[in-house]
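I have placed the structure first, in the form of structure tokens, so that the comments after it can refer back to it.
Counting starts at 1 for both ligands and their atoms, following the listed order.
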Amino acid sequence: MFENYPKANLAFLPTPLEKIERFSSEVGDINIYMKRDDNTGLAMGGNKARKLEFLMGDAKSKGADTILTTGGPQSNHARMTAAAARRLGMEPILVLKGREPAVRQGNLLLDDLLGADVRFVDTKDYGEIHGKMGKIASQLESRGRKPYIIPLGGSTPLGALGYVEAFLEIMNQADEMGINVDYIVNAVGSGGTHAGLLVGAYLSGKDVEIVGISVDAEKGVFQNDIARIATECSRLLNNDREFKPEDIIVFDEYVGEGYGIVNNETVEAITLMARTEGIILGPVYTGKAMSGLIDLIKKGYFKQGSNVVFIHTGGTPALFDKLVK
Ligand SMILES: Cc1ncc(COP(=O)(O)O)c(C=O)c1O
């Protein structure tokens, strides 16, 4: 299915799919399974490893020697892109949004260990940062270098192929376990993960509802983005299905005060998961998304007795910035 797209071998796959029984019985009458994409490897794991297999495969096939990307100061995507670049012998440049923090911890500490060229742009606008990355790339080209830009979150149609593949992987594992998956729940930050899962469900004809929990923008923004990425992603696989924004399920009531601002519900979800399963969630994405999943279960959103796969998309290094006491 993916043979037209060169892949870089970067992730430990398949990641485990495990039932989290103790946690499930604490929160309601459904069976929660956790897809452990926090174990993909690549400098402490996370969902971006799957996208990066395709994105860095493309970069490599184009002869790139320098990779540029962006994110917030605690970007997991930026950290994993820097690691991927190092694995492939390339130079990482991270153009991060916001002010340079006084202390470099969590993901930023890892960026430094990876020797990334980290630059800060004090703006609220990723459009401005993408423009800046374009300028840096032109300067590099004029010096004979071969830069390759990966947009925010790696959420391009090509990157989303990683989660088409993940969907198929989950279905294989569910078959082996003898279960039917009713829902897949994921944290939405730039939409590529959700888009890839949708395309996977569509192409394999499986009746699995993909539920996104926003940790950032309001749902309309993500419904548009995800529909566009999914439509273009399915075109890459020679399919002309048009995904419509109104068909994309995203909840935006769990963002709280904003992106990266940890609230009590998030801390409670992280703590409950740690104490029932010994599994550590992240503060920005998976902890917040899990607080949403818990609330949706309480509100009766999921059919009683149904099987829900929550994707642990990683992000644990940010704990050592956001939850430092
Ligand atoms: C840990 C983690 N989980 C989830 C996401 C969201 O994935 P996506 O950007 O594909 O929506 C991200 C990145 O944005 C992330 O770093």
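Closest to atom 13 (C) of ligand 1 among all protein heavy atoms lies K48 NZ, 2.8 Å. The single protein non-hydrogen atom nearest to atom 16 (O) of ligand 1 is N76 ND2, 3.0 Å, given as residue, atom name and distance. Of all protein heavy atoms, the one closest to atom 7 (O) of ligand 1 is N47 ND2, 3.1 Å. Looking from atom 3 (N) of ligand 1 to the surrounding protein, the closest heavy atom is T313 OG1, 2.6 Å. Among protein heavy atoms, the minimum distance from atom 12 (C) of ligand 1 is reached at Y285 CE2, 3.4 Å.
With contacts defined as side-chain heavy-atom distances shorter than 4.5 Å, the pair L158/Y5 qualifies. Side chains of D240 and T231 form no contact here, defined as non-hydrogen atoms less than 4.5 Å apart. Between L96 and R119, every side-chain heavy-atom pair lies at or beyond the 4.5 Å cut-off. Between K206 and F167, the closest side-chain pair of non-hydrogen atoms falls below 4.5 Å.
A donor atom on one side chain and an acceptor atom on the other are found under 3.5 Å apart for D58 and Y148. Using modelled atom types, one finds a donor on one side chain and an acceptor on the other under 3.5 Å when comparing T123 with E128. With no hydrogens or angles considered, no side-chain donor-acceptor pair links D37 and H312 at under 3.5 Å. Using modelled atom types, one finds a donor on one side chain and an acceptor on the other under 3.5 Å when comparing K35 with Q173. At a cut-off of 3.5 Å, with distance as the only test, no side-chain donor of T15 or N39 sits close to an acceptor on the other residue.
The shell of residues lying under 4.0 angstrom from ligand 1, judged by heavy atoms, includes G314. The shortest separation from a heavy atom of T286 to ligand 1 is not under 4.0 Å, leaving the residue out of contact. Using a 4.0 Å heavy-atom cutoff, G191 is listed among the residues neighbouring ligand 1.
Atoms of ligand 1 found under 4.0 Å from any heavy atom of V188 (numbered from 1 in listed order, with element): 11 (O). Under a 4.0 Å criterion applied to the non-hydrogen atoms of S190, ligand 1 contributes the atoms 8 (P), 9 (O), 11 (O). Atoms of ligand 1 lying under 4.0 Å from any heavy atom of G315, numbered from 1 in the order shown and given with element: 1 (C). Close approach of ligand 1 to T193 (heavy-atom distance below 4.0 Å) involves ligand atoms 7 (O), 8 (P), 10 (O). Close approach of ligand 1 to G189 is summarised as follows: ligand atoms under 4.0 Å from at least one heavy atom of the residue are 6 (C), 8 (P), 9 (O), 11 (O). The contact set between ligand 1 and K51, taken as ligand atoms under 4.0 Å from a residue heavy atom, comprises 8 (P), 9 (O), 10 (O).
Stacking of R50 on the aromatic ring of F54 is not recorded, the 6.0 Å distance cut-off and the 45° axial limit not both being met.
With a heavy-atom cut-off of 4.0 Å, S155 touches ligand 1 through its side chain alone.
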